[in-house]
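Working notes, beginning with the structure itself.
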Amino acid sequence: MSFLNELNSKQQEAVKTVEGPVMVVAGPGSGKTRVLTYRIAYLISIGVPAYRILALTFTNKAASEMKERIHKLVGEKSRQLWMGTFHSVFARILRVECEKLEYQKNFSIYDETDSLSMIKTCMESLSISSQQYHPRAIRSRISSAKNQLISVQEYADRSLDIFEQKTSAVYSDYQKRLKQNNAMDFDDLLLKPLELFKSDKKVLDKYHEYFRFILVDEYQDTNRVQYALINSLASKYKNICVVGDDAQSIYAFRGADIKNILDFRRDYPEVTTFRLEQNYRSTTTILSAADYLIKHNVDQISKNLWTDNPAGDAITVLSCEDDRDEGARIVSQIFEQSNKLKIDLKDIAITYRTNAQSRSLEEALRKNSIPYVIVGGIEFYQRKEVKDTLAYLRLLVNPQDNEGFLRIANYPTRGLGDAALQRLQSFAAERQLSLLVAAQHTVEIEGLSKKAKHGLLMLSTLLRKYNELKNEVSASELSRSLVDELGILRSFKEEGTVEALSRWENVQELLSAISEFTSEHENAALEDFLQEVSLVSAVDDLDGNRNAVTLMTLHSAKGLEYPVVFIAGLEEGLLPLYSTVLERKELEEERRLCYVGITRAMQKLYLTHARTRYRFGDVSYQSPSRFLEEIPKECIEIVESKIFYPSRAYTGVPKQVNTRIKRSNDAEYHTDVMPDYDSKECVVNGVKVGMMVEHVVFGRGKVLSLAGSGDSLKAVVEFTLVGRKNLLLKYAKLNII
DNA sequence: ATTAGGCGATTTTTT
DNA sequence: ATCGCCTAAT
């Protein structure tokens with residue numbers, strides 16, 4: 001077991017303590033993944049069969065990387081490991097056991113969109129106005145109830161106000177319909193196995209023997225259901241190892257519960273706890289900034305993080321005028337990093353709080369021809385054309401999938417509108433039929449128009465045909481011929497627009513993904529593919545080999561590291577994000593999110609904030625985040641920006657003058673001027689009536705009117721402090737704010 | 001009754 | 001970018 005020498009003594013202990021419950025509290029960059037990896041390799045090398053080990057990770061990517069590393073350490077034996085995300089592992093188990101739950105093994109998995117659309121269906125059938133009650137709000141209540149193990153009955157009993165009563169009714173109908181559709185949502189993938197383990201001791205016992213050793217990564221982000229699940233699996237042999245960092249818990253909004261860490265100690269009093277506090281990732285400067293920041297949280301397990309790494313560069317704070325300036329200056333820093341410091345683009349990540357922020361950053365990168373990859377955002381499998389195509393396949397695999405049926409019934413259009421589908425649904429409901437089967441009885445349905453009847457007939461013939469074809473040809477042939485017959489690709493081609501072209505590409509890509517899947521997995525059925533795709537996350541297909549800058553949300557960045565990291569938009573309201581009221585707990589989660597971002601950086605960290613930014617279609621004034629104040633001044637260097645550029649419509653790169661101010665006692669100034677700077681031009685053209693501007697001498701004011709043109713363009717400005725002034729724009733330096 | 005097309009609102013984070 | 005809601009055309 002020579003590989004153990006690659007670990008420090010604490011890590012070694014954590015690896016070698018294989019019996020009994022173990023908790024590893026590990027700071028960022030302390031080799032948490034390493035410990036998990038080596039622990040599994042160690043177990044295998046002392047003779048534990050790989051199939052007796054269950055390792056749960058947060059993303060599929062983390063799982064496959066870990067698997068690869070274990071394979072390098074112990075070879076082929078690692079193949080049979082049970083490793084993956086909670087959802088994918090238990091979906092796999094459910095495929096085997098679901099008949100005990102009165103589900104069929106071709107069940108569909110509903111993602112959030114599918115689930116929301118079913119909530120709407122439920123609300124409609126219960127005559128609950130979706131104007132009055134937001135389907136999303138109801139969905140989120142139901143999901144959080146499920147994650148807290150509150151049953152339909154319990155929820156009904158304890159619902160107090162009218163909203164909860166409505167939710168309760170929807171909850172009940174929703175669960176009923178899921179079952180009818182032979183479908184499960186994400187929550188069910190965990191809840192159902194738990195139900196099964198509770199009700200069927202035999203099954204539980206089988207899995208007790210299966211999973212003699214259980215390991216859980218990112219334990220701080222598990223919710224109650226996940227807790228209960230691993231608890232029930234580990235209850236017999238108690239060989240359970242959880243690894244996590246309370247300071248990196250960022251999923252409370254999804255039901256993750258830090259209490260799980262505390263309860264772990266209560267449920268396993270004999271637990272051995274290891275603390276990994278040495279950081280191997282970041283410079284001293286970055287680590288201490290992170291540490292100071294997180295110490296502002298009340299809720300935390302105190303840790304003493306330290307590192308042998310050098311101090312490194314100061315953290316650079318870019319104070320920007322607006323979001324475009326922010327993008328432009330991030331780009332210029334990327335140039336500096338990649339040209340002067342020879343950093344690869346793939347070693348640079350730009351992170352942000354909300355997906356919406358990526359737009360202005362992408363623009364800046366594109367304008368400067370910097371290649372980038374974006375994690376998440378509008379995900380491939382969320383695209384309408386992809387979901388529609390998948391819905392057909394889903395329906396072929398699971399004929400009871402009414403949600404899938406409704407999705408494709410009129411795609412492409414067959415003259416089946418709301419009314420016709422309503423008729424079909426009530427016909428089906430009366431006879432307890434699935435929509436697909438009901439559609440075979442077209443002629444018996446009353447009140448359908450000729451057009452609708454025709455359309456329904458076409459649809460059911462088509463589905464019947466492919467249902468038979470399914471058993472004869474491979475999954476990839478089937479989908480190709482289906483797409484072909486539907487004319488999906490053809491119609492996009494004909495449309496000829498840029499959007500249609502991208503849709504065309506997406507459907508093509510989906511088809512290749514299916515082909516690839518079938519060639520990689522022998523005898524792969526369509527349902528295997530569908531299960532796989534419904535559980536992939538954005539981070540999973542992050543390809544680290546392409547030489548491109550990575551853009552992603554702070555949430556997606558968890559578990560990753562990059563030599564150079566930017567965190568954009570450190571502004572009040574954005575990071576921390578204000579949702580409604582910012583309670584202490586919510587604020588602390590935002591702070592942890594910022595902490596996660598900071599600790600992704602190995603060598604160089606940039607924090608940016610803008611004074612104004614486009615938000616919800618309007619310009620909003622932003623003040624710097626409190627988190628910037630919470631980082632010690634010694635760690636940071638602030639680079640102010642003085643930019644002059646005319647208007648949002650201006651498409652060039654903003655011209656700028658940077659003034660570097662070292663934030664210390666002996667301030668050190670140096671300016672660097674960007675080339676071909678032409679302030680007059682910019683200022684004159686940009687000013688418009690109604691704008692707020694700033695004058696070097698007169699301060700802030702509002703533009704009341706403009707007169708003249710070219711060099712003699714004059715403006716009347718009402719200044720807050722000195723009143724009305726008439727200015728010749730050629731000479732007056734006005735900053736637009 | 002159905003569809004296409006336009007307009008406005010909406011986006012916190014995600015397995 | 002997508003969805004819901006509206007209107008006009010068929």
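The chains referred to below are lettered A, B, ... by the order of the sequence lines, with proteins before strands, and numbering in each begins at 1.
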### Message
Using a 4.0 Å heavy-atom cut-off, does A:Leu190 contact any base of the nucleic acid, only the sugar-phosphate backbone, or nothing at all?
### Response
nothing
Atom CG of A:Leu229 and atom P of B:dT15 are separated, to the nearest Å, by 18 Å
Report task. On the 0 to 90° scale, with breaks at 30° and 60°, tag the A:Tyr103-A:Phe107 ring pair as parallel, tilted or perpendicular. Result -> perpendicular
To the nearest angstrom, the CG-P distance between A:Leu554 and B:dT11 comes to 21 Å
By nearest-nucleotide position on DNA chain C, the 5'-leaning member of A:Lys451 and A:Arg503 is A:Arg503
Between NZ of A:Lys384 and P of C:dT2 the distance, given in whole Å, is 9 Å
task = Please check the phosphate of B:dT11 (OP1 and OP2 only) for any side-chain N or O of A:Arg136 closer than 4.0 Å.
result = yes
ask   = Does a side chain donor of either A:Tyr595 or A:Asn297 reach within less than 3.5 Å of an acceptor in the other side chain?
value = no
Judged by nearest nucleotide, the residue sitting upstream toward the 5' end of DNA chain B, A:Ala420 or A:His555, is A:Ala420
| field | Residue pair A:Gln422 / A:Glu124, side-chain donor-acceptor N/O under 3.5 Å | value | yes
Discussion item. Using the six-membered base ring of B:dT15, report whether A:Phe86 stacks on it, requiring centroids under 5.5 Å and planes under 30° apart.
Written reply: no
To the nearest 0.5 Å, atom CZ of A:Phe566 lies from atom CG of A:Leu361 at 10.0 Å
Quick note, A:Ser556 side chain, CB onward, closest among B:dT13, B:dT11, B:dT14 is B:dT14
When rounded to whole Å, the CZ to C1' distance for the pair A:Arg139 and B:dT14 reads 11 Å
A:Leu456 atom CG is separated from B:dT2 atom C1', nearest whole Å, by 15 Å
| When we call it a touch if two heavy atoms are under 4.0 Å apart, what does A:Thr553 touch: a base, just sugar-phosphate, or nothing? | sugar-phosphate
Whole-Å distance, A:Tyr411 OH to B:dT3 P, equals 15 Å
| request: Would you check if there is a donor-acceptor pair between the side chains of A:Ser232 and A:Tyr207 at a distance under 3.5 Å? | output: no
Atom OH of A:Tyr381 and atom C1' of B:dT14 are separated, to the nearest Å, by 17 Å
From CG of A:Leu501 across to C1' of C:dA1 the rounded distance in Å is 17 Å
- Message: Please classify the nucleic acid contact of A:Ala356 as base, sugar-phosphate, or nothing, using heavy-atom distances under 4.0 Å.
- Response: nothing
Q) Which part of the nucleic acid, if any, lies within reach of A:Thr59 when heavy atoms closer than 4.0 Å are counted: base, sugar-phosphate only, or nothing? A) nothing
query = Do any side-chain nitrogens or oxygens of A:Asn355 fall under 4.0 Å of OP1 or OP2 in B:dT13?
reply = yes
request  = May I ask you to say what A:Lys450 touches in the nucleic acid, namely base, sugar-phosphate or nothing, with a heavy-atom cut-off under 4.0 Å?
outcome  = nothing
Quick note, A:Thr413 side chain, CB onward, closest among B:dT15, C:dG4, B:dA4 is B:dA4
Of the candidates B:dA1, B:dT12, B:dT14, the side chain of A:Arg254 sits closest to B:dT14
TODO: Could you check whether A:Glu112 gets within reach of a base, just the sugar-phosphate, or nothing at all, counting any heavy atom under 4.0 Å?
DONE: base
ask   = Taking only side-chain nitrogens and oxygens of A:Lys558, does any of them come within less than 4.0 Å of OP1 or OP2 of B:dT13?
value = no
Set out, in order, the CA-CA distance, both residues' side-chain angles and the distance that settles side chain to side chain contact (heavy atoms under 4.5 Å, CB included) for A:Ile93 and A:Trp82, then state yes or no. CA-CA 10 Å; A:Ile93 291 176; A:Trp82 281 80; 3.8 Å; yes
At under 4.0 Å between heavy atoms, what does A:Asn410 touch on the DNA or RNA strands: base, sugar-phosphate, or nothing? sugar-phosphate
The residue, A:Ala419 or A:Thr354, whose nearest nucleotide of DNA chain B is more 5′ is A:Ala419
